[in-house]
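In this chain, residues are counted from 1 in sequence order.
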Amino acid sequence: CRVEAECKGDSDWNLTWHTENPDFTPCFQNTVLVWIPCIYLWVCFPVYFLYLRYHDRGYIQMSHLNKAKTALGLVLWIVCWADLFYSFWERSQNIFRAPFFLISPTVLGITMLLAAFLIQYERIKGVQSSGVMMIFWFISLSCATIIFRSKIIHALNTDAEVDAFRYATFCSYFVLVLVQLILCCFPEQPPLFSETVNDPVSIQGHLLTAKNLWSLNKEDMSQEVVPGLAKNWAKECAKTKRRPLNMLYSPKKQQKSNDSSDDMTEEAEALIIKPTQRNSEASLFKVLYRTFGPYFIVSFLFKAAHDLLMFAGPEILKLLIKFVNNKDAPNWQGYFYTGLLFVCACLQTLILHQYFHICFVTGMRLKTAIVGVIYRKALVITNSARRTSTVGEIVNLMSVDAQRFMDLVTYINMIWSAPLQVILALYLLWQLRTLWFCQVLWSVAQMKSKDNRIKLMNEILNGIKVLKLYAWELAFREKVLKIRQEELKVLKKSAYLAATATFTWVCAPFLVALSTFAVYVMIDKNNVLDAQKAFVSLALFNILRFPLNILPMVISSIVEASVSLKRLRVFLSHEELDPSSIIRGPIKNVEGSIVVRNATFSWSKNDPPSLNSINFTVPEGSLIAVVGQVGCGKSSLLSALLGEMDKKEGCVVVKGSVAYVPQQAWVQNATLEDNIIFGREKNESRYKRVVEACALLPDIEILPSGDRTEIGEKGVNLSGGQKQRVSLARAVYCNADVYLFDDPLSAVDAHVGKHIFEKVIGPKGILKNKTRVLVTHAVNYLPQMDTILVMTDGEISEMGSYQELLEQDGAFAEFLRTYANTEQSMEDSDTNSPAGKEGKLIENGVLANEAPGKLVHRQLSNSSTYSGETGKSQQQSSTAELQKPTAEKNSWKLTEADTAKTGRVKATVYWDYMKAIGLFISFLSIFLFMCNHVASLASNYWLSLWTDDPVVNGTQQYTNVRLGVYGALGISQGIAVFGYSMVVSIGGIFASRHLHLNLLHNVLRSPMSFFERTPSGNLVNRFSKEMDTIDSSIPPIIKMFMGSTFNVIGACIIILLATPIAAVIIPPLGLVYLFVQRFYVATSRQLKRLESVSRSPVYSHFNETLLGVSVIRAFEEQKRFIRQNDMKVDENQKAYYPSIVANRWLAIRLECVGNCIVLFAALFAVMARNRLSAGLVGLSVSYSLQITAYLNWLVRMSSELETNIVAVERVKEYAEMEKEAEWSIEQTAPASTWPQEGKIEFRGYGLRYREDLDLVLKNINVTINGGEKIGIVGRTGAGKSSLTLGLFRINEAAEGEIVIDGINIAKIGLHDLRFRITIIPQDPVLFSGSLRMNLDPFEQHSDEDIWRSLELAHLKNFVSSLPDKLNHECAEGGENLSVGQRQLVCLARALLRKSKILVLDEATAAVDLETDNLIQSTIKSQFEECTVLTIAHRLNTIMDYTRVLVLDRGEVVECDSPDNLLQKKGIFYSMAKDSGLV
């Protein structure tokens, strides 16, 4: 028996192909089929081995399963080598066989040993189930099955000789491999000591909550991801730092550095200067590529494999049509092609989703990294840089821009994907190149408007109280809508653009098909359009259609991302604070604990210095006071010591750790205790001492859950004084070496101030051995200071102890004398006793001692203007509160977390959206969709009829008719597409406008209590993220959703037409599909909601950090805040990751349904091949090939639609909130002259803050006659501010009524009421915009009136010195004015309104004593005939009033003229005594 005979003879195609019963030659069976699995395993081995080496997941103990697998591996090796030894034995018997009888068993045996080794190695490295091995056993089994079948056929053949030994070994081999494959399906037990947490896997979607989500994989967490990007960015910056960066602050901008509207010019300058500095700019793109590049390369390989497989479909279709046409071909070939189609489709599915998974996870990491880097940067940028990026902008960077990158990553590979598609696409793109350029410019413009709108919304939410008190809602609504109008204009342009683009893309494949067919049949009469040519080319065009549909999306996505990239780069390139400018820490050989030598500071590199040649030394443990007029640089001096300013020259040493109390307290949204402990360990005894010293014990008793009470955002449920004391307690608790106090005593009552000074700051306080620097206006504490620094205009004019300064008889002595005299005239007590001066304590509010360019604290200021003393403290102070059962206490929370709705999105939400679009437009668009798809189906059906035209004499008849109709159908399709694209886009814009208008209107109409309960993060989230979704995500999703729906329906119709028997199979598959889809959408929607909800805390925390950044830096707590931010981002991603995985789970299940449709379409076509024309087979299979892509897309779109329509749901949610009373009521509107007299009567009046709380004011019966001046006094929390809130109906009466000039105020509209009475609020709030707008937003007054009011408010000189005078731009929150100046602006507002009733809410607390006297005299002269109600902390301001109302615990206890009250020796007397007035 010769060797060659085995490998030649039979290798004819007759055996394998042209036969009813195909088989392989023995040679092929024993070589190729045996080697395929071996080659696979050896190729995978090196890569897999290295992977396992570096990814150790712990150690798995030996189990029975593992032993069985290994044993079987070894048995397989023995079986294979038994064959080998048998061959040797044959040779010894002189039976020579072909060489592969030696080679194959050897190779196979070694491979089995390798498999056994891998099984063990995987166990050691903690792999629970192995894909590599699974595929290996599967391939081995498939190959073995073919050989097995062949051997059986051979054995049944009677005259064949059977090699019994080899048959036996092969059968055992086959069985063992089968068993191995089955064992491979069972996972191992989890590894020991593994970090992976056993999380719940599948829960019914609608029951999902944040608690039962998986924890994130370690490699996706912030602490792993962010440092990588940060490190690469630092490297890149270091490279480019060799040249200085002038781009950001070009001198042109400098003259109006605090002007917030020049963001526009800045953006433009950045664009202009860019090209010349190309080389000196850090490239963020490079950095992102360096950090995330490797993942892209992997995804690139998967995508390439998928694209190659994609073209296999049409090729197999060609063979299938050929088979249907060739009646002699054996049947099994048809089934073989069908099988091939199916396998191909399944492989495509698996590869594609592996690719998607990589992309999505990378996108998620990218977002995590970007958010982390932005947060870290925000903690270190300088104040001048802070000026260019407002809070709104930075929040937008975090929300919108980071999201843009995430969305882009998924699609970025489409850019190169399938070169054939792109070559064609590029040709079409070339004709559209101008379109995309416009898109870039518009994208920039839209982001700009969005930033401005969010910035304005932020301010409105921060100053909502003032808007309500002044009844200014309408003016600001107009401002927002004006910006929104700009935004919508841009959106509209993009919509027209998108419609044109869609039209071009949809028609392109069709036009190509039409022209191809036309040219083909026209060139030569003998060219016949047959099914094979027509449908294979159609299938190829269909493949083309998908990337072409998606390309415009990708390109606009790239455009948006590049805009975002630039914004991010600008932000990340901002200057950072120089940590080395201040030497901090323990230093041995320095005299004193603070040493400043010839130091000059400015707020930013290009500003003129605010502090000049400062020289002083503070010995350890001494107490220093810093005094001076408003705006002389006292706060700036503290900022300089903290390293917040730019040091021009000199040296500054601060020895040891620092604690800082800012002028405007910064309070976190956390429990009271957390606010005080501030990340340190809790030491019970120390904590108690601190709380007591800071006079917080009574407050803690009042709070619902004691020190565990949650403080709302920006401390809304604390009064101004309480916030200040919490801020002080935080500093005292941290036990630092150096204490910097920025006027903490101004915001508290006199007696509390005295207590704090004695117990904390003064020579006998807790801090007596520490170094303390106190900025103060309180003259009476000065004698107890070791040293006093007197500042004038940014310089230290005098310095020394109290006695020394008096003896020098300089500015300081002059300053004291003025005050001493005013005091003497006011009180008849001894001026020199400290008690005598105590009345001068500046009360409640903020002292305005900041330089005009001042920033950090201002950033705080606009935040804390939420509510100072405004009585949120009273709501807890009611006595009954204390007797509440404790269980109820613990549940008391102020802010409402952003909640997630559960269950399906209600149909009403879609209906609401349709109504927002307009029902006519909605139905019109659906109709146009129908037309488009009917035309598309008709054209393809027409094509199949055309290809079946009989061929006569080598040509077809009626070619021209066929071509004409085909063209006409195509063109009508194009028109319908353009129509629906336009209609949907325009409809989307109508909806956006309508929904935004409603949201804005409803938020403005909400009562104050709503804003106190709702964190601003939630509201900003609605206005930025959810509106962005409604603007730009929903319309394209609707288009694609409708498109896919009709495509799927169309494909099913065609398949049913061709092979009616498919009717048996399509409904069950449809059911499976629906079941899977419902199961998934429930989960996906809930995850999206959880993700949405967990996003709000990220913003809230970020906002909070930006406001308190100087405090965080002073306490050196940056690391802890970064950790908190990382945790919040991870919480958010924890909800996002499962939704990615769920997406993949779903898509694979669905594509399998799609692949089954392909399988059955082809199968039925093969079965009915004798009855079907080739044209119909081609049509049916080419449609079924598309169905997978469309099904997948349909589910993605339907879930995208559901998850994005949640935005509509969340925006509508605020529309259903409780509202305030009507703004104006026609019937009851009072006369235009009302109130003429200004007489106010309280009749049995009572007030409560919320339904479930007790009364804060009880049976108040007071009549105030027109023109009376009334002082309202009482301890903190007595209900003073509540009275004014009731007068303005910020809170409605719980009982009784208030009558002004005979009209019950509860009966008239809110604006009618609020326009007629004026308040000067406790916290001066300004909005960004011109000074004029801040005084008179409705533009009712002439310029003369405004100048007159400014003159009376003592602001005329200041305003006339400004370059823009009345048009001077106020920064966000009025940051570029000092607090005192802002207070004066509020006074000017009141003078401008000149109403009969004026309410002063401790309005003069924030100004120095001189200005205070000016204000008081202005009020006396200007408001002589008016009724004036003053809430006072400093009693000397009201000693000459007609009457004083004394409130205690919400009731009026005394009411008489001040002199009579002093004689009565009641509460008023004791208060006066505390203030040293008696």
Side-chain angles (χ1 to χ4, degrees), residues 30-88 100-145 147-148 166 168-196 298 350 354:
N30 282 319
T31 52
V32 180
L33 289 183
V34 173
W35 296 348
I36 287 174
C38 304
I39 293 168
Y40 161 79
L41 196 62
W42 284 99
V43 168
C44 288
F45 174 68
V47 183
Y48 189 50
F49 182 74
L50 285 173
Y51 171 80
L52 286 179
R53 249 190 92 170
Y54 294 110
H55 290 71
D56 195 344
R57 302 202 188 116
Y59 174 89
I60 298 179
Q61 286 174 308
M62 258 298 198
S63 63
H64 295 305
L65 179 65
N66 205 280
K67 286 175 190 158
K69 284 186 194 171
T70 316
L72 286 175
L74 294 171
V75 174
L76 275 167
W77 165 64
I78 294 165
V79 169
C80 296
W81 281 27
D83 263 3
L84 178 66
F85 292 127
Y86 184 65
S87 299
F88 283 136
F100 62 72
F101 279 114
L102 287 174
I103 297 166
S104 293
T106 315
V107 173
L108 198 57
I110 295 172
T111 308
M112 289 305 160
L113 272 180
L114 176 66
F117 163 73
L118 271 177
I119 289 169
Q120 279 306 313
Y121 192 64
E122 285 177 341
R123 176 182 71 79
I124 293 166
K125 291 294 182 187
V127 179
Q128 284 178 269
S129 69
S130 157
V132 175
M133 295 309 290
M134 181 98 172
I135 295 171
F136 168 70
W137 295 122
F138 180 73
I139 296 176
S140 303
L141 187 71
S142 313
C143 294
T145 312
I147 305 174
F148 195 52
R166 285 207 171 82
T169 53
F170 181 78
C171 288
S172 45
Y173 168 81
F174 182 76
V175 172
L176 288 169
V177 170
L178 180 63
V179 175
Q180 276 284 32
L181 181 63
I182 293 166
L183 287 182
C184 226
C185 298
F186 297 104
E188 290 285 347
Q189 58 207 45
L192 299 169
F193 326 115
S194 73
E195 291 186 2
T196 50
V298 179
L350 292 171
Q354 189 55 43

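Counting heavy atoms from C-beta on, the side chains of Gln180 and Leu76 come closer than 4.5 Å. Side-chain contact between Phe174 and Leu141 is present, with at least one heavy-atom pair separated by less than 4.5 Å. Counting only heavy atoms from C-beta outward, the side chains of Ile119 and Arg123 never approach each other to under 4.5 Å. Contact annotation: the side chain of Lys69 never approaches that of His64 to less than 4.5 Å [non-hydrogen atoms, C-beta and beyond].
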Carefully, step by step, assess Tyr48 and Glu122 under the rule side-chain contact (heavy atoms from CB on, under 4.5 Å). CA-CA 10 Å; Tyr48 189 50; Glu122 285 177 341; 2.6 Å; yes
Residue pair Val79, Leu176: steps toward the side-chain contact (heavy atoms from CB on, under 4.5 Å) verdict: CA-CA 10 Å; Val79 169; Leu176 288 169; 4.0 Å; yes
Pair Met133, Trp137 - check side-chain contact (heavy atoms from CB on, under 4.5 Å), show working. CA-CA 6 Å; Met133 295 309 290; Trp137 295 122; 4.0 Å; yes
Quick one, Met134 with Cys185, criterion side-chain contact (heavy atoms from CB on, under 4.5 Å). Give me CA distance, side-chain angles, the key distance, then yes/no. CA-CA 8 Å; Met134 181 98 172; Cys185 298; 3.7 Å; yes
Does Asn66 form a side-chain hydrogen bond (donor to acceptor under 3.5 Å, both in side chains) with Gln61? I'd like the steps, not just the answer. CA-CA 9 Å; Asn66 205 280; Gln61 286 174 308; over 6 Å; no
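Taken to the nearest 0.5 Å, the CZ atom of Phe186 stands 8.0 Å off from the CG atom of Leu65. Put simply, CZ on Phe138 and CG on Leu181 are 7.5 Å apart, with the number rounded to the nearest 0.5 Å. For the atom pair Cys184 SG and Leu72 CG, the distance stands at 11.0 Å (nearest 0.5 Å). The CD1 atom of Ile36 lies 9.0 Å from the OG1 atom of Thr31; values are rounded to the nearest 0.5 Å. In this structure, CD1 in Ile78 is found 13.0 Å from CG in Asp83, a value given to the nearest 0.5 Å. Leu178 CG to Ser140 OG: the interatomic distance, rounded to the nearest 0.5 Å, is 11.5 Å.
In terms of heavy atoms, Thr169 sits closest to Ala82 at CG2-CB, 4.5 Å. Shortest non-hydrogen contact noted between Ile60 and Pro190 is CG1-C, 4.4 Å. Considering every non-hydrogen atom in both Lys125 and Leu52, the closest pair reads CD-O, 3.5 Å. Smallest separation of non-hydrogen atoms from Trp35 and Ser104: NE1-OG, 3.2 Å. Taking every heavy atom of both residues into account, Cys143 and Leu33 meet most closely at CB-O, 3.3 Å. The two residues Ile110 and Trp42 make their nearest non-hydrogen contact at CG2-CZ2, 3.6 Å.
With hydrogens and angles ignored, the 3.5 Å screen pairs no side-chain donor or acceptor of Glu188 with any backbone N or O of Ser129. Ser87 places a side-chain N or O within donor-acceptor distance of the main-chain N or O of Phe101, the cut-off being under 3.5 Å.
Aromatic ring pairs are classed by plane angle as parallel below 30°, tilted from 30° to 60° and perpendicular above 60°; the pair Tyr121 and Phe117 is parallel. Below 30°, between 30° and 60°, or above 60°: for Phe170 and Tyr173 the angle between ring planes is between 30° and 60°, a tilted geometry.
Atom CZ of Phe49 has more than 12 heavy atoms from other residues, nucleotides or ligands within 6.0 Å.
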